[in-house]
Amino acid sequence: MNRTIRIKLSIMMFLEFFIWGAWFVTLGTFLGNNLKASGSETAAIFSTQSWGAIVAPFIVGLIADRYFNAEKILGILHLVGAFLMYQMYQSVEVGMFYTYVLSYMILYMPTLALVNSVAFNQMKDPEKEFANIRVWGTIGWILAGLSISFIFHWDTAEAISEGFLKNTFLLAGIAALILGLFSFSLPKTPPKVSDEKIKIGDIIGLDALKLLKDKNFAIFFISSILICIPLAFYYQNAHPFLTESGVENPTGKMAIGQISEALFLLLIPVFFTRFGFKKTILIGMLAWAIRYVLFAYGNGGELSFMLIIGIALHGICYDFFFVSGQIYTNSKAGEKYKSAAQGLITLATYGVGMLIGFAVAGWITDNYKTLEGTINWEMVWIIPAGIAFAVFVLFALLFNEKNKGEATTSAV
């Protein structure tokens with residue numbers, strides 16, 4: 001891969017995740033303050049991510065992989081996305097905002113696969129080259145959060161009260177417009193030529209259901225869905241909680257989670273080799289419970305360090321469970337079902353699991369109020385902490401790691 005292509009792919013990844021990080025982190029606070037959304041309405045809007053994840057394989061599998069160059073579809077989706085972002089920026093009512101954000105997520109989620117396709121198509125050795133390109137996506141997400149807090153100051157108490165968080169959609173829309181136009185200059189990534197008949201089961205990974213006959217994989221599969229319930233609480237409630245707690249520059253501080261994610265990603269091979277899959281994933285599960293206990297009893301004053309530690313645990317929470325789970329799935333599936341298994345796990349987690357999680361988080365937020373009518377944040381965090389700990393116990397008791405090496409071979 002020559003230097004020019006490497007730079008283009010890095011810019012592509014940077015913008016792809018800058019767009020997402022520019023509006024999604026502050027979405028919960030925006031909905032509560034600007035649109036006066038209830039917990040259930042907020043949950044429905046966050047659930048659009050899951051609906052987008054469910055629809056994405058069909059857009060990629062039925063259209064992108066068969067008929068059009070990936071970089072051209074990427075460009076078109078982001079240009080339409082820029083228009084939808086502008087509509088979200090102008091929205092003043094929850095109903096119309098939901099329509100725009102659902103349309104946007106159905107178009108955005110497929111782009112996550114498309115940028116990978118464009119990148120992989122240029123690589124001779126993806127295992128060595130991809131990480132150096134993908135890391136720019138994490139940098140993009142981090143810089144989006146830092147810019148909101150430290151450059152534009154849209155998340156100060158005064159700015160939030162004046163409705164300035166709506167500007168995040170304008171920022172994301174401008175980035176989407178730039179990426180949409182830039183995509184047409186990316187290396188050509190032609191569709192896969194195939195005369196084989198497309199099967200819906202192949203697209204959503206139904207062939208991988210055979211893996212559920214393995215008791216261990218079935219336990220992992222169920223645990224993956226259940227752990228997404230506490231994950232949804234973080235996405236939906238973390239920013240509003242930090243804002244109400246009086247944490248300064250909450251969006252910028254939440255970027256600590258992405259920095260942590262990038263760092264702990266490097267430690268996964270070490271943990272796999274030394275402790276095996278089961279202990280690694282159990283650490284991830286336990287981290288979810290600990291983080292939410294820290295949120296439940298910390299505050300924006302003298303105990304603000306507890307909130308910062310909770311944010312910093314994101315790397316362990318996410319990498320040690322989800323990335324480890326992807327590696328484990330890869331090792332169990334074998335060549336025949338490798339793609340199908342990853343598709344099935346994605347559908348189960350970001351699709352089914354997150355849908356359940358957002359619904360539960362919305363119900364909890366609406367139904368646990370203080371006498372003054374404000375959200376009882378202690379209960380909002382203790383409940384997902386309990387769920388995460390229950391999944392931890394379930395997995396610890398039922399999953400039997402027969403061979404510590406079965407999942408380490410793909411990690412190192």
Practice problem: I would like to know whether L313 and L294 meet side chain to side chain contact (heavy atoms under 4.5 Å, CB included); could you show each step before the answer? | Solution: CA-CA 10 Å; L313 282 173; L294 289 170; 4.0 Å; yes
Exercise. Not counting sequence neighbours, which residues clear side-chain contact (heavy atoms from CB on, under 4.5 Å) with A172? List them please.
Key: I19, A22, W23, M85
Quiz item: Would you say the ring centroid of F399 lies under 6.0 angstrom from that of F220?
Solution: no
Quiz item: I227 versus F321: any side-chain heavy-atom pair under 4.5 Å?
Solution: yes
Quiz item: Is a donor on one side and an acceptor on the other found under 3.5 Å between the side chain of N69 and the backbone of E71?
Solution: no
Quiz item: Near W136 CH2, under 6.0 Å, is it more than 12 heavy atoms from other residues, nucleotides or ligands?
Solution: no
Practice problem: Without swapping roles, check the side chain of Q87 against the backbone of Y100 for a donor-acceptor pair under 3.5 Å. | Solution: no
Quiz item: Are the aromatic ring centres of F295 and W381 under 6.0 angstrom apart?
Solution: yes
Self-check item: Heavy-atom pair of closest approach, residues L9 and Q122
Solution: CD1-CB, 4.1 Å
Quiz item: Side-chain donor-acceptor pair under 3.5 Å between T374 and E372, yes or no?
Solution: no
Exercise. State whether the side chain of T365 and the backbone N or O of G39 hold a donor-acceptor pair below 3.5 Å, judged by distance alone.
Key: no
Quiz item: In terms of side-chain heavy atoms, does H239 have a donor or acceptor partner in T26 at a distance below 3.5 Å?
Solution: no
Practice problem: Compute the centroid of each ring, for H153 and then for F164, and state whether the two points are separated by less than 6.0 Å. | Solution: no
Exercise. For the pair I142 and F17, evaluate side chain to side chain contact (heavy atoms under 4.5 Å, CB included) and give the outcome as yes or no after the intermediate values.
Key: CA-CA 9 Å; I142 291 169; F17 287 91; over 6 Å; no
Quiz item: CZ of F83: more than 12 outside heavy atoms within 6.0 angstrom?
Solution: no
Self-check item: Donor-acceptor pair, side chain of T349 and main chain of G353, under 3.5 angstrom
Solution: no
Exercise. Let me see the working for T138 and E261 under side chain to side chain donor-acceptor pair (under 3.5 Å), right down to the final yes or no.
Key: CA-CA 9 Å; T138 301; E261 184 182 327; 5.2 Å; no
Exercise. State whether the side chain of S149 and the backbone N or O of L146 hold a donor-acceptor pair below 3.5 Å, judged by distance alone.
Key: no
Quiz item: Quick one: are T280 and F277 in side-chain contact, heavy atoms under 4.5 Å?
Solution: no
Quiz item: Between F392 and F389, is the ring centre distance below 6.0 Å?
Solution: yes
Quiz item: How about F97 and F30: are their ring centres within less than 6.0 Å of each other?
Solution: yes
Practice problem: Identify, with sequence neighbours excluded, every residue that meets side-chain contact (heavy atoms from CB on, under 4.5 Å) alongside A312. | Solution: I256
Exercise. Have a look at F241 and tell me which of W377, Y234, Y292, F233 forms a ring pair (Phe, Tyr, Trp, His ring centres under 6.0 Å) with it.
Key: W377
Quiz prompt | Side chain to side chain, F395 and L282, heavy atoms closer than 4.5 Å | solution = yes
Exercise. Establish, yes or no, whether the cationic atom of K166 lies under 6.0 Å from the six-membered ring centre of Y89 and within 45° of the ring axis.
Key: yes
Practice problem: Evaluate the side-chain proximity of N299 to S245: yes if any heavy-atom separation is below 4.5 Å, no if none is. | Solution: no
Self-check item: Single hit among F275, F271, F272 for ring pair (Phe, Tyr, Trp, His ring centres under 6.0 Å) with F320
Solution: F271
Exercise. Using a cut-off of 6.0 Å, state whether more than 12 heavy atoms not belonging to Y86 lie near its atom OH.
Key: no
Exercise. For the pair T111 (side chain) and L114 (backbone), establish whether a donor and an acceptor sit closer than 3.5 Å, ignoring hydrogens and angles.
Key: no
Quiz item: Counting N and O atoms only, with roles assigned by atom type, does the side chain of S47 sit under 3.5 Å from a partner on the main chain of S50, one being a donor and the other an acceptor?
Solution: no
Practice problem: Inspect the surroundings of OH in Y235 and state if more than 12 heavy atoms from other residues, nucleotides or ligands are less than 6.0 Å away. | Solution: yes
Self-check item: Within 6.0 Å of NZ in K215, more than 12 heavy atoms from elsewhere
Solution: no
Quiz prompt | Whether D366 side chain and S40 backbone form a donor-acceptor pair below 3.5 Å | solution = yes
Quiz item: Rounded to the nearest 0.5 Å, how far does CZ of F68 lie from OG1 of T189?
Solution: 15.0 Å
Quiz prompt | Close side-chain approach of L181 and H78, heavy atoms under 4.5 Å | solution = no
Practice problem: Please tell me if the side chains of W288 and P384 come closer than 4.5 Å, counting only heavy atoms from C-beta onward. | Solution: no
Exercise. For E158, look at atom CD and say whether over 12 heavy atoms of other residues, nucleotides or ligands are found less than 6.0 Å away.
Key: no
Quiz item: Are the aromatic rings of F46 and F24 close, with centres under 6.0 Å apart?
Solution: yes
Practice problem: Could you check if a side-chain atom of L303 sits within less than 4.5 angstrom of a side-chain atom of Y297, using non-hydrogen atoms only? | Solution: no
Practice problem: Check whether any side-chain heavy atom of L355 lies under 4.5 Å from a side-chain heavy atom of W51, and answer yes or no. | Solution: yes
Exercise. Could you give me the CA-CA distance, side-chain angles and deciding distance for S91 and V101, then say whether side chain to side chain contact (heavy atoms under 4.5 Å, CB included) is met?
Key: CA-CA 10 Å; S91 294; V101 75; over 6 Å; no
Quiz item: Would a distance-only check, ignoring hydrogens and angles, find a side-chain to backbone donor-acceptor pair under 3.5 Å from N367 to W363?
Solution: yes
Quiz item: How about Q90: does its CD atom have over 12 heavy atoms from other parts shown lying under 6.0 Å from it?
Solution: yes
Quiz prompt | K332 side chain to L211 backbone, donor-acceptor under 3.5 Å | solution = no
Exercise. Determine, step by step, whether W20 and Q49 satisfy the side chain to side chain contact (heavy atoms under 4.5 Å, CB included) criterion, reporting the C-alpha distance in whole Å, the side-chain angles of both residues, the deciding distance to 0.1 Å, and the verdict.
Key: CA-CA 11 Å; W20 201 359; Q49 173 189 265; 3.2 Å; yes
